There are 2 protein chains.
Amino acid sequence: MKPPTVYDVAAHAGVSIATVSRVLRRPDDVRASTREHVLATVRELGYVPSASARSLAARRTGVLGLYFPGFDAMEELDEAEFNQSEPVNVIVDMPDSGEVRPPNLYFDEVLRGSELEAWRRGFALLVGVGRGTNPEEMVSDIAGRVDGMAVLARSVPDALLDHISRRIPIVLVAGPRRGDNFDHVSVSNVEGMRTLTEHLIDRHGVRAPVFIGGPVDSPDDAERYEGFVQALAARDIDPAALPMLRGDFSRMQARSIAEGLVAAGELPRAVVCSNDQMALGVLDVLRRRGIRVPEDVIVTGFDGIEAGRQSTPRLTTVHQPMVDLGRAAVRAMLSRLDKRDQPPISLRLPVQVLLRESSEGSA
Amino acid sequence: MKPPTVYDVAAHAGVSIATVSRVLRRPDDVRASTREHVLATVRELGYVPSASARSLAARRTGVLGLYFPGFDAMEELDEAEFNQSEPVNVIVDMPDSGEVRPPNLYFDEVLRGSELEAWRRGFALLVGVGRGTNPEEMVSDIAGRVDGMAVLARSVPDALLDHISRRIPIVLVAGPRRGDNFDHVSVSNVEGMRTLTEHLIDRHGVRAPVFIGGPVDSPDDAERYEGFVQALAARDIDPAALPMLRGDFSRMQARSIAEGLVAAGELPRAVVCSNDQMALGVLDVLRRRGIRVPEDVIVTGFDGIEAGRQSTPRLTTVHQPMVDLGRAAVRAMLSRLDKRDQPPISLRLPVQVLLRESSEGSA
DNA sequence: TCGCTGAATGTATGCGCTTACACTCAATGT
DNA sequence: ACATTGAGTGTAAGCGCATACATTCAGCGA
């Protein structure tokens, strides 16, 4: 009744457990006839090797971990049972049902990239998305199961990371390097935002753009603002003289910020947002107020999410390669796994400034 | 240099390894003072327990697995290095750049649901997306690492599943039950499509809708067609007299099918598609041809993906709760883990018919 | 005072595998 | 004919933990 083990297979096939193990791990070290015989026994018994035992003996798990905190509000799914309602409900779905399902695109894509690269390199991928529950616990749990781990920067206390990194390589995703000695993978936030801002100044004569930033503790936001400031400074515009509004990366928040701007009466020529979601929120408000984009106000975002490509007008933005980020994180882990003592890597992936109708006028 | 083990912690703290283990697993069995002392040592040494060893000794891994085949074409990411190009590229992004990134929403959402439920129940989640590489190998690999596994129906040979299910519980996602004895979770495809079709017949007087189906081997498609047929039959319309076109669930394919319909000259009053992607493809063509939806032709989909909520006109569809599917799959695994010999479960989640402008006329 | 009880801790075994090393024996060289 | 070789296989020692069972000892009643 219990699942068969190497011993069962060995006994059944009339060989030693070492031979069974070799058939599975290093088939060439076994004579072909023996190999076939053992494989047949494996099939017959329904033998599936225990990865736990293998990992223990081999001193490596063959699994990589990915941890992200759960930003999205939607996580609070009801505990209610979902299997007792009617099989079908008919709903007349009106247009303004709003932002039903804010897909955590960022995470989905990074995950997809990691998953892809991990399996390609012969590793499995363990994912954990932090929720209400203690992140430290979850991260520790993952850490014990994997050979290496990627973590979104700033989502876990440094002390914990230090602790864990004594056991396995840690790669920080999307944050800039701080005092730490971890490997990092991130995108060219500064250059991207600088280039976009320069474009607004040089091509559209914008002199006093308004920046709508994200949460104070977001390293990405900080870098983007830095790029914004650099562009202004290079054009002899004093960044400090311009208003710097702060949102929380959400569309809703950005709407109220935009309402505030409109109410204040003095609309800027351009609103530069630190991410796409907020830019979309600004577009929502301007559209409702009948303010033309880009004729009256130019709006730009950052991230390159799909929704920004489907908005009206389509959103000018800086696209960051999220799938590549995930892949790069995996590569970094494996690279360090290979050479534990190489100096910390800090990889910057390139971004693309995508000029679309929210800044360039319609086609 | 090597990561510390229980032995190190025990020696350092002056206790036995049993006590260390107990401090971590059953803190209440240890005197408070001892516990604190051991925990301090754990922190000092940077001890992270090996899940491999624990799983081996405890005979359970605390991990659940999720396997999906990789439908999407985008998987073929270039092997090229991505870290040597310029940090920023400026691109004038024209509107018709087409369907750049067809997000595998289905999988993303099921994954999110599984991930959520798994951690909530104290399990980690291992994900595998089948790609070019041998699915059997990947599935076996996952199987050895987990306590239970969810697999998209039809994506893995039954023989393999039988093999594996001798070791761990298997849950099939989204397929109907066939001859097998596995647990299943799926949605009310039949009822959903039947209700939608009845609506078209009863409210819009449609008498000869055209059905655009998916791949022959898709169980979901089969069920949806079944619902379509039931609705017709109940209204004394002979389904066999109507054309049944077959696509592959892709938007592109659906476009050429729609082109064919238009070219043939005789447009049906309604086109019922087996998924949203294809419905969107049909909308593409009708829009280009200047055919009005829903005035001239009604179009409906199935799935409830985000893109269908952002199309013009918005797509009438049947929404299936993908996140819940993932959650239900996890619950089913745990339920069976609990009672290995209960009869096979077959859970059907409810769906929602969403009536929108592609069938109801604009607001 | 002494045996008894139970809380706290230690001892020892095994979980299922990998792998260094030992061994066997047919093929080869001298 | 005999030593040498190496391919193929077996033996046995862990890997790091959980846990049944043994042990210790403080507190207790009689």
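Source: prediction; values computed, not measured. Residue numbers start from 1 in every chain, and the chains themselves are labelled A, B, ... in the order their sequence lines are given, proteins ahead of strands.
- At dG10(C), one or more side-chain N or O atoms of S16(B) fall inside 4.0 Å of OP1 or OP2 (strictly under the cut-off).
- Taking only side-chain nitrogens and oxygens, S50(B) never comes nearer than 4.0 Å to OP1 or OP2 of dG16(D).
- Counting to the nearest Å, the P atom of dA7(D) and the CZ atom of R26(A) are 13 Å from each other.
- The base of dG10(D) sits within donor-acceptor range of the side chain of R22(A), with an N or O pair under 3.5 Å.
- The distance between atom CG of D28(A) and atom P of dG6(D), rounded to the nearest whole Å, is 19 Å.
- Remark: D141(B) engages R145(B) in a salt bridge, criterion side-chain N to carboxylate O under 4.0 Å.
- As judged by a 4.0 angstrom heavy-atom cut-off over every strand, V15(A) is placed among residues touching the sugar-phosphate backbone only.
- Contact check for R25(A) versus P49(A): side-chain heavy atoms found under the 4.5 Å cut-off.
- Residue R31(B) places none of its side-chain N or O atoms closer than 4.0 Å to OP1 or OP2 of dA8(C).
- Heavy atoms only, all atoms of each residue included: Y47(B) and P4(B) are closest at CD1-O, 3.3 Å.
- Here dT19(D) presents its P atom at 11 Å from CG of D29(B), a figure rounded to the nearest Å.
- The shortest distance between the side-chain N/O atoms of T34(A) and the OP1/OP2 oxygens of dT9(D) is below 4.0 Å.
- In this structure, the helix from dT1(C)-dA30(D) to dT30(C)-dA1(D) shows an angle of 50° between the axis at its start and the axis at its end, each fitted on 5 base pairs and rounded to 10°.
- At the heavy-atom level, S55(B) lies nowhere under 4.0 Å from the strands shown.
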Derivation and outcome, salt bridge (Lys or Arg N to Asp or Glu O under 4.0 Å), residues R22(A) and D29(A): CA-CA 7 Å; R22(A) 276 190 284 256; D29(A) 287 6; over 6 Å; no
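- Of the residues near DNA chain C, A18(B) and P4(A), the one whose nearest nucleotide (by heavy atom distance) lies more toward the 5' end is A18(B).
- The distance between atom CG of L24(A) and atom P of dT19(C), rounded to the nearest whole Å, is 12 Å.
- Taking atom NZ on K2(A) and atom P on dG16(C), their separation rounds to 8 Å, with Å as the unit.
- Each of L56(A) and T19(A) lies near DNA chain C, and the nucleotide nearest L56(A) is the one positioned closer to the 5' end.
- If you measure from atom NE2 of H37(B) to atom P of dA8(C), you get 18 Å, rounded to the nearest angstrom.
- At a threshold of 4.0 angstrom between heavy atoms, the contacts of S52(A) with the nucleic acid are absent.
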Pair V146(B)-L64(B), side chain to side chain contact (heavy atoms under 4.5 Å, CB included): steps then yes or no: CA-CA 5 Å; V146(B) 301; L64(B) 298 178; 5.5 Å; no
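- Between the CG atom in D158(B) and the CG atom in L172(B) there is a gap of 7.5 Å [rounded to 0.5 Å].
- Take the nearest nucleotide of DNA chain D for Y7(A) and for S33(A): the residue whose nucleotide is more 5' is S33(A).
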Full working for side chain to side chain contact (heavy atoms under 4.5 Å, CB included) between S50(A) and R167(B): CA-CA 10 Å; S50(A) 154; R167(B) 170 179 252 265; 3.6 Å; yes
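- S21(A) comes within 4.0 angstrom of a nucleotide base, judged by non-hydrogen atoms across all strands.
- The pair D8(B)-K2(B) does not count as a salt bridge, with every side-chain nitrogen at least 4.0 angstrom from each carboxylate oxygen.
- Within 3.5 Å, no donor on the side chain of R59(B) pairs with an acceptor on the base of dG14(C), nor the reverse.
- To the nearest angstrom, C1' of dG16(D) lies 9 Å from CZ of R167(A).
- Distance CG (D147(A)) to C1' (dC15(D)): 14 Å, rounded to an integer number of Å.
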